[in-house]
Amino acid sequence: MSGFDKVVTSYEEALEGLEDNMTIIAGGFGLCGIPENLIKEIKRKGTTGLTIASNNAGVDGKGLGLLLEEKQIKKMIASYVGENALFEAQMMSGELEVELTPQGTLAEKMRAGGAGIPAFYTATGYGTPVGEGKEVREFNGRHYILEEALSGDFAIAKAWKADRYGNLMFRKTARNFNPMAITAGKIAVVEVEEIVEVGQLDPDEIHLPGIYVNRLIQGTFEKTIEQRTVRKA
Amino acid sequence: MSGFDKVVTSYEEALEGLEDNMTIIAGGFGLCGIPENLIKEIKRKGTTGLTIASNNAGVDGKGLGLLLEEKQIKKMIASYVGENALFEAQMMSGELEVELTPQGTLAEKMRAGGAGIPAFYTATGYGTPVGEGKEVREFNGRHYILEEALSGDFAIAKAWKADRYGNLMFRKTARNFNPMAITAGKIAVVEVEEIVEVGQLDPDEIHLPGIYVNRLIQGTFEKTIEQRTVRKA
Amino acid sequence: MALTREQLAQRVAQEFQDGYYVNLGIGIPTLAANYIPDDMQVMLQSENGLLGMGPFPLDEEIDADLINAGKQTVTMIEGASLFCSAQSFAMIRGGHVDLTVLGAFEVDCQGNIASYMIPGKLIKGMGGAMDLVAGADNIIVTMTHASKSGQSKLLSQCTLPLTGKNCIRRVLTDLALMDIEGGKFILRERAPGVSVEEIINLTSGELTVPDHVPEMTV
Amino acid sequence: MALTREQLAQRVAQEFQDGYYVNLGIGIPTLAANYIPDDMQVMLQSENGLLGMGPFPLDEEIDADLINAGKQTVTMIEGASLFCSAQSFAMIRGGHVDLTVLGAFEVDCQGNIASYMIPGKLIKGMGGAMDLVAGADNIIVTMTHASKSGQSKLLSQCTLPLTGKNCIRRVLTDLALMDIEGGKFILRERAPGVSVEEIINLTSGELTVPDHVPEMTV
């Protein structure tokens with residue numbers, strides 16, 4: 001009787017079934033709250049031809065930047081990719097396809113993918129390159145464009161704490177895209193800093209219910225800081 | 001300097017500006033988590049011609065049932081209205097207009113209203129009376145109908161605990177429609193069991209940020225139970 | 001003999017699998033929770049915002065803030081989680097619930113279901129039923145095979161306003177378990193002591209009867 | 001004299017009102033947080049999921065899990081709240097943020113803004129900027145009035161790909177504060193010591209100059 005116990009004990013097992021040319025929805029904002037060990041495992045596996053939806057594409061040598069090094073990514077769906085020289089080079093050379101998506105639209109597309117909403121209207125991007133080729137419709141005298149949901153074969157995400165049933169809590173701004181990314185994956189894999197026994201989490205304080213989580217693994221994290229900014233005491 | 005302090009001290013002040021023929025979005029499921037004192041204040045004020053979106057319409061003498069007694073409601077947008085004889089009588093006589101909306105669609109319409117999404121597609125209601133007159137569109141071989149967002153001149157809702165800035169925590173299944181209802185009101189009025197000082201709530205445990213709340217009031221609640229069911233020890 | 005309510009609930013429970021998230025409608029579906037096998041974990045979703053619903057409370061445990069979708073006081077099991085209605089229906093509409101069990105007035109061999117409204121008579125509203133039937137791949141409808149006056153509820157076409165179109169694949173009645181495939185009912189199991197002829201007589205929609213139709217084990 | 005970065009930030013801060021929820025873009029807009037008047041409370045929204053952003057941390061306070069939209073380490077003020085990106089942009093898109101301040105490459109007198117892309121040269125992406133300009137009623141664009149080579153950035157029609165269409169009503173440059181109304185720039189204030197003629201010369205789009213154009217107080 002395994003029931004609702006989502007815990008797996010190796011990263012290999014966590015990403016079992018991930019194959020070339022699949023689509024992955026990834027959590028994280030910059031390098032904050034990224035599933036860093038799951039990304040490393042994808043690098044180790046050598047899976048290629050991937051389509052990845054993630055707000056950013058990591059930096060050189062960190063996060064999704066690791067997968068760019070090996071040219072494992074065929075297409076990126078992201079809102080901001082400005083921190084990565086390798087990314088720019090591959091995009092300019094045409095090796096890497098890029099679909100720039102406004103940040104809020106990207107978040108909403110992932111949420112829609114998880115929530116059974118195939119498409120929604122938003123004013124974001126109307127009259128810009130993002131709106132090109134998309135249906136425009138007026139509601140109450142304002143123009144909106146139609147955006148379709150995003151979902152993936154896998155979701156990879158990072159949370160702070162989980163119980164064995166996959167009930168999740170996130171920490172501070174490391175929450176970001178992680179909850180929606182998880183809901184949008186056919187197989188949702190989440191790595192966390194701590195796994196507690198069932199019953200240890202207050203049901204009112206769970207940020208995302210375990211029903212969305214398929215596999216759960218405890219890891220250790222580098223948590224690289226991109227812009228270390230301090231004030232004087 | 002009032003800043004972000006949302007606290008008002010009387011129910012009269014809480015609903016100042018509510019006028020005849022306005023639209024109200026209300027939280028609550030059955031009699032659980034309803035803004036019972038705000039409803040009583042609407043009864044006291046005698047505001048009429050109201051359009052109210054709420055999952056249910058209360059029961060005779062409780063919740064929104066109080067406003068039916070005085071015929072203050074012109075139109076109800078609800079998913080389930082089966083517990084209220086007065087409601088049925090007024091609906092059958094044509095005094096009360098009713099727009100039956102599936103529960104999940106109602107929740108999503110409120111969320112959309114608060115989130116700047118004017119409309120979305122859902123499979124719910126396709127091929128049923130709910131879908132009549134609505135646009136049908138196919139995505140990936142499946143049929144969906146277009147549903148538009150809901151928003152109101154006022155939102156009335158109930159939370160458990162708040163800080164003075166209107167950051168909210170809900171308790172158990174009294175959460176239900178309350179968070180979305182609040183986001184969908186031009187003026188969102190929330191009554192709570194306890195108001196704490198700013199800084200007392202863990203930012204990670206806030207269910208709904210105070211930015212959505214315009215007025216906050218502390219009340220005492222009857223919390224009527226509709227179906228008291230127990231098991232033997 | 002037609003199945004009793006308890007037997008219907010028992011047969012429903014045979015559809016459960018270890019690790020299933022299940023939404024049970026009011027009535028017979030809810031009873032099925034009493035028959036979850038001991039060697040199996042099933043988690044109950046209540047669409048008003050609770051995953052991991054437990055049994056009714058002891059008198060001293062009653063909490064007005066903790067109810068199920070039928071407005072009954074309930075409890076939570078360990079590992080439960082609470083959320084808003086938008087999240088609850090994201091879960092349902094997004095197909096994350098493994099099994100949905102609900103009642104109906106009529107089902108037809110196109111997989112249509114009518115369960116929420118009898119025009120001119122009963123207008124209570126659909127609650128979450130339309131979302132549940134639109135969101136789940138795996139739905140079991142439970143109902144009596146025929147009305148008290150002997151009218152079949154398994155039709156070639158529903159006569160009442162629909163709750164969902166072309167979404168039902170499995171129906172359990174007091175007489176039979178049937179699948180719906182290719183515009184036909186397929187008789188899979190019969191209630192103990194109920195003959196295939198009786199089922200044929202009380203099924204108005206097109207019915208395929210395999211050579212062997214086993215009795216249910218309840 | 002053209003305004004310095006600090007003076008631009010000071011002038012932006014004069015748009016703040018007590019109780020405003022404000023989203024400040026990277027660069028000059030962020031500096032405006034240093035000039036919030038003492039008798040006023042303003043709460044900063046960071047679109048990566050924080051409302052109530054505080055100053056940069058002390059060295060010992062640094063937390064890799066707490067950054068702003070520019071990926072800088074930050075702190076939280078008392079009364080802050082944390083949330084996911086969907087909630088953050090529900091707030092923005094839904095018009096709940098009172099004021100948005102952001103930079104741009106070009107603005108035109110139709111209220112169009114270009115701020116995210118120079119084709120063939122700079123392709124970093126729009127981040128949250130398209131959502132911010134589409135979601136807010138109250139936006140201030142801050143930028144230099146002209147390029148280093150003296151080309152106006154206040155145009156009759158933007159030449160770069162747009163971030164948003166017909167959404168900008170107020171622009172603050174190092175030379176002037178302008179509103180956009182009825183397809184024209186309207187000169188509201190000029191930087192101390194800057195002449196109306198200088199502004200006219202460096203404004204390419206149609207410009208209306210009222211009889212009296214006061215100097216800014218910075």
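In what follows, chains carry the letters A, B, and so on, assigned in the order in which the sequence lines appear, proteins first and then strands, with residues in each chain numbered from 1. In this text the structure is predicted, and so the values were computed from the model without any measurement.
- When side chains are defined from C-beta on, Met117(C) does not count as touching Thr128(B), because their heavy atoms never get closer than 4.5 Å.
- Note that NE2 of His143(B) and CG of Asn166(C) are 10.0 Å apart. Values are rounded to the nearest 0.5 Å.
- Chosen from Gly104(B), Ala107(B), Gly82(B), the residue pairing most often with chain C at heavy-atom distances under 4.5 Å is Gly104(B).
- With a 6.0 Å radius and a threshold of 12 heavy atoms from other residues, nucleotides or ligands, Gln157(C) has its CD atom at or below the threshold.
- Residue Asn112(C) does not touch chain B at all, counting heavy-atom pairs closer than 4.5 Å.
- From Phe29(B), atom CZ reaches atom OG of Ser85(C) across 7.5 Å, with rounding to the nearest 0.5 Å.
- Ranked by non-hydrogen atom pairs under 4.5 Å with chain C, the options Asn55(B), Asn178(B), Leu31(B), Thr101(B) are led by Thr101(B).
- Checking side-chain atoms of Thr73(C) against main-chain N and O of Thr229(B) turns up a donor-acceptor pair under 3.5 Å.
- Atoms OH and CE, from Tyr126(B) and Met130(C) in turn, are 13.5 Å apart once rounded to the nearest 0.5 Å.
- Glu47(C) touches chain B through backbone and side chain together, each having a heavy atom under 4.5 Å away.
- At a threshold of 4.5 Å between non-hydrogen side-chain atoms, the residues Lys172(B) and Met76(C) count as touching.
- Listed options Pro161(C), Gly49(C), Ala64(C), Ala114(C) were ranked by heavy-atom pairs under 4.5 angstrom with chain B; first place goes to Ala64(C).
- Checked by atom type and distance alone, the side chain of Thr173(B) pairs as donor or acceptor with a backbone atom of Asp65(C) at under 3.5 Å.
- Here the shortest heavy-atom pairing between Met180(B) and Cys84(C) reads SD-SG, 3.8 Å.
- Heavy atoms of Asn84(B) lying under 4.5 Å from chain C are absent altogether.
- Residues Tyr80(B) and Lys71(C) meet the side-chain proximity criterion, which asks for heavy atoms closer than 4.5 Å.
- Side-chain atoms of Thr124(B) and Asp131(C) include a donor-acceptor pair closer than 3.5 Å.
- Residue Met110(B) does not touch chain C at all, counting heavy-atom pairs closer than 4.5 Å.
- With rounding to the nearest 0.5 angstrom, the CZ atom of Phe89(C) is 9.5 Å from the CG atom of Leu106(B).
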Carefully, step by step, assess Arg93(C) and Glu108(B) under the rule side chain to side chain contact (heavy atoms under 4.5 Å, CB included). CA-CA 11 Å; Arg93(C) 205 190 302 102; Glu108(B) 193 68 12; 3.6 Å; yes

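- Environment of CG in Asn34(C): crowded, with over 12 heavy atoms of neighbouring residues, nucleotides or ligands closer than 6.0 Å.
- Ranked by heavy-atom pairs under 4.5 Å with chain C, the list Lys223(B), Arg142(B), Lys232(B), Arg231(B) is led by Arg231(B).
- Within the model, atoms CZ of Phe56(C) and CD of Gln227(B) stand 9.5 Å from one another, a figure rounded to the nearest 0.5 Å.
- Using a 4.5 Å cut-off on side-chain heavy atoms (C-beta onward), Leu58(C) and Val230(B) make no contact.
- Contact count versus chain C (heavy atoms, under 4.5 Å) is highest, among Val98(B), Thr224(B), Asn56(B), Leu208(B), for Asn56(B).
- Ranked by heavy-atom pairs shorter than 4.5 Å toward chain B, the options Ala134(C), Ala86(C), Ser46(C), Pro57(C) are led by Pro57(C).
- Taken from CG in Asn176(B) to CD1 in Ile67(C), the straight-line distance is 7.5 Å, to the nearest 0.5 Å.
- If you tally non-hydrogen atom pairs under 4.5 Å between each of Gly125(B), Gly127(B), Ala233(B), Pro102(B) and chain C, the highest count goes to Pro102(B).
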